[in-house]
Amino acid sequence: MAWGIGANPMTERSDRLHPTMSSKGDAPLRQPDAGLLIRGKYVLTASEPEMISDGAVRVVGDTIRDVGSFADLSSRFPSCAVLGGPNDIVTPGFINTHGHFSEALVTGIGENFALGDWLRGLIDAVAPHLDRESAFISTLLGGVQMLRTGITLTNDMFVSDPRTTSVTPGVVQGLEELGLKGIVSYGASDRRPGTPVEDVFAEHAALREAAAASTLCRFRVGIATVAAQSPSMFARSVDLASSNADGIHIHLHESREEIEFIQESRHTSPIAYCAQNGLFASPTLAAHCVWLGDADIRLLASHGVGVAYNPVSNMILASGVCPVSRLRGSGINVGIGVDGPASNDRQDMLEAIKTGVLLQRLDQLDPAALTAREAFRMATIEGAAALHLDTAVGSLEPGKAADLVVFDGGSPALANVHDPFQTIVYCAGPREVKDVWVAGRRRVADGELLGVDVPALVRESRKLAHCLAQRAGLGALSLLATSN
């Protein structure tokens, strides 16, 4: 099924919750009936053939109709408007397989924490104070960065304490404002005593309803970790996923501390616990998967679980290195994630792709541990497959969603292209992202984001971040918490 895009019917607009929209809207270009031709010196399809020289993609509405040589398509469809240029590189939109918009107001903080201390000292302090407005602004703040680095679909888990009024529909509102596709989930947990379990599942329900009303979002059941849920909540989460969601989004085997706790309390590994209790019967995306035994990998492979590789956050939190070669060699689809803004801290997919390659090479002391072509596939079609969405997105093929990125061939970084895959992975940065199309609508044009007043967004986020840091008691970590 192709993804659509349109106005959000979920709620009426509120000036308080929508302070950042500009009146620019889309780029002035309107598609003629024949559609658009998006041209490049190289079109990298993430399909077959994997590269077309002097190629083009024909887009009609929200769908790719043709992929081929520019000469052929321009002669067959002479009424098509042409974008892109003879020196540009055209790729599928990138798939961010794991992230947390809930962290967008607490970037650049707590660098000396390992994962457990980071959760207890920062995330647990912030989670009670996040509301729907902060969810909306945080999604805009993170999503702007994502679009500017070529992300057209993001898999998010919003982590906050349950409240009497729902929080996570603000994420859906933000994605609709941006025109960015999202798989949305709530990072449910009852590990802290006194957590109102019914409020947790009410949050799931509110997010599911918001996603159902959205043209851009799909709902998944979020599970923070196996350790973060009591056995009764975990069983209820499995039941919810089996009948009311497009799948599961969970952190698995990110740290040794997590594995040791489950081994001691439930006498098995977190992955084995998930398999034994029916979680993997639903399409599952497991984030991190750093500390794995052979039996764990066999379970992931036999259940078709996708994995999100998050190299930057794994290094910042000193969690370890995901065994990407072993996973992919076992037939497991591995995508790339930027992870949350408090553990990365940039929402930069190009940085994550390049770092992901370099980390594997350093870890294995092998320059062939992960190639540019493999990393490119992980960021596109393999990421889509990890989310069980590869029939709809992730490659430039007729019938798939028109999610594309045009890289600027006029940039000094892309002046001399010897191998376009290596150029994208090693040379390109946000400045080289010229245009981004999501479902046939241009969201970035000539490097500028469309539809959002970014300076106003930044100003609004500063107010919220200041209040959040004070309310969360982050005085030992944040200058914002102690400023007037």
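All of these numbers come straight from a predicted model, not from anything done at the bench.
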Gap between atom CD1 of Ile353 and atom OH of Tyr309 - 0.5 Å precision: 11.5 Å

Is there side-chain contact between Ser160 and Ser102, with at least one heavy-atom pair below 4.5 Å? no

Given Asn310, Asn155, Asp339, the one that forms side chain to side chain donor-acceptor pair (under 3.5 Å) with His98: Asp339

Trace of the side chain to side chain donor-acceptor pair (under 3.5 Å) decision for Ser325 with Gln364: CA-CA 10 Å; Ser325 297; Gln364 299 182 40; 3.3 Å; yes

With rounding to the nearest 0.5 angstrom, report the NE2 to NE2 distance, His253 to His288. 13.0 Å

Please determine whether a side-chain nitrogen of the Lys or Arg among Glu203 and Arg163 lies less than 4.0 Å from a carboxylate oxygen of the Asp or Glu. no

Please determine whether ring pair (Phe, Tyr, Trp, His ring centres under 6.0 Å) holds for the pair Phe376 and Phe421, giving the CA-CA distance in whole Å, both sets of side-chain angles, and the decisive distance to 0.1 Å. CA-CA 7 Å; Phe376 179 79; Phe421 293 96; 5.4 Å; yes

Are the side chains of Glu177 and Phe136 in touch, meaning some heavy atoms are under 4.5 Å apart? yes

Can you see whether Asn344 engages Ser313 through a side-chain donor-acceptor pair at a distance of less than 3.5 angstrom? no

Electrostatic pair Lys354-Glu351, nearest N-O below 4.0 angstrom: no

Side-chain touch Thr91/Ile89, heavy atoms, less than 4.5 angstrom: yes

Separation of Ser269 OG from Leu299 CG (nearest 0.5 Å): 7.0 Å

Would you mind reporting whether Ile297 and Arg326 have side-chain heavy atoms less than 4.5 Å apart? yes

Step by step, work out the side chain to side chain contact (heavy atoms under 4.5 Å, CB included) result for Leu480 and Leu468. CA-CA 9 Å; Leu480 286 179; Leu468 180 62; over 6 Å; no

Donor-acceptor check, side chain of Arg220 to backbone of Ile248, threshold 3.5 angstrom: yes or no? yes

Is the side chain of Asp117 donor-acceptor paired with the backbone N or O of Ala114 at a distance under 3.5 Å, no angle test? no

Among Thr215, Thr152, Asp403, which one satisfies side chain to side chain donor-acceptor pair (under 3.5 Å) with Lys181? Asp403

Where does the angle between the aromatic ring planes of Phe219 and His204 fall among parallel (under 30°), tilted (30 to 60°) and perpendicular (over 60°)? perpendicular

Residues passing the side-chain hydrogen bond (donor to acceptor under 3.5 Å, both in side chains) test with Asn96, sequence neighbours excluded, are Thr154

Any salt bridge between Arg120 and Glu257, counting N to O under 4.0 Å? yes

My understanding is that only one of Leu457, Leu178, Val436 makes a side-chain contact (heavy atoms from CB on, under 4.5 Å) with Leu449; could you say which? Leu178

Would a 4.5 Å heavy-atom cut-off, applied to side chains only, mark Val221 and Asn244 as touching? no

For the residue pair Val200 and Tyr186, establish whether any side-chain heavy-atom pair is separated by less than 4.5 Å. yes

Would you check if the side chain of Ser138 reaches a backbone N or O of Ala135 as a donor-acceptor pair within less than 3.5 Å? no

Between Ile151 and Gln347, is there a side-chain heavy-atom distance shorter than 4.5 Å? no

Using only heavy-atom distances, determine whether the side chains of Thr225 and Glu258 contain a donor-acceptor pair under 3.5 Å. no

Distance col, row Met157:CE vs Ile183:CD1, nearest 0.5 angstrom, shows 12.5 Å

Would you name the heavy atoms of Asp239 and Ser243 that are closest together and state the gap between them? O-OG, 3.4 Å

Counting N and O atoms only, with roles assigned by atom type, does the side chain of Gln470 sit under 3.5 Å from a partner on the main chain of Ser483, one being a donor and the other an acceptor? yes

Side-chain donor/acceptor of Arg443 to backbone N/O of Leu147, under 3.5 Å: no

Close side-chain approach of Val305 to Ile332, heavy-atom, < 4.5 Å: no

Under 3.5 Å donor-acceptor, Thr149 side chain and Met349 backbone: yes

Ser343 backbone acceptor or donor facing Trp118 side chain under 3.5 Å: no

Taking atom types as modelled, find out whether Arg132 and Gln173 have a side-chain donor-acceptor pair closer than 3.5 angstrom. yes

Other residues, nucleotides and ligands only: do more than 12 of their heavy atoms fall within 6.0 Å of CZ on Arg191? yes

Any donor-acceptor N or O pair under 3.5 Å, side chains Thr45, Glu397: no

Pairs involving residues 370-379, ordered by first then second residue, that meet side-chain hydrogen bond (donor to acceptor under 3.5 Å, both in side chains) (sequence neighbours left out): Glu50-Arg373, Thr371-Glu374, Arg373-Asp419

Once rounded to the nearest 0.5 Å, what's the spacing between atom CG of Asn112 and atom CG of Leu317? 11.0 Å

Are Asp124 and Arg192 within salt-bridge range, i.e. N to O under 4.0 Å? yes

Taking distance alone, no hydrogens or angles, what donor-acceptor pairs closer than 3.5 Å link side-chain atoms of residues 271-284 to residues at least two apart or in another chain?
from, atom 1, to, atom 2, distance (Å)
Tyr273, OH, Arg266, NH1, 3.4
Asn277, ND2, Tyr273, O, 2.8
Thr284, OG1, Ser282, O, 2.8

Rounded to the nearest 0.5 Å, how far does CG of Leu362 lie from CG of Leu358? 8.5 Å

What are the two closest non-hydrogen atoms of Ala352 and Pro311, and how far apart are they? O-CG, 3.5 Å

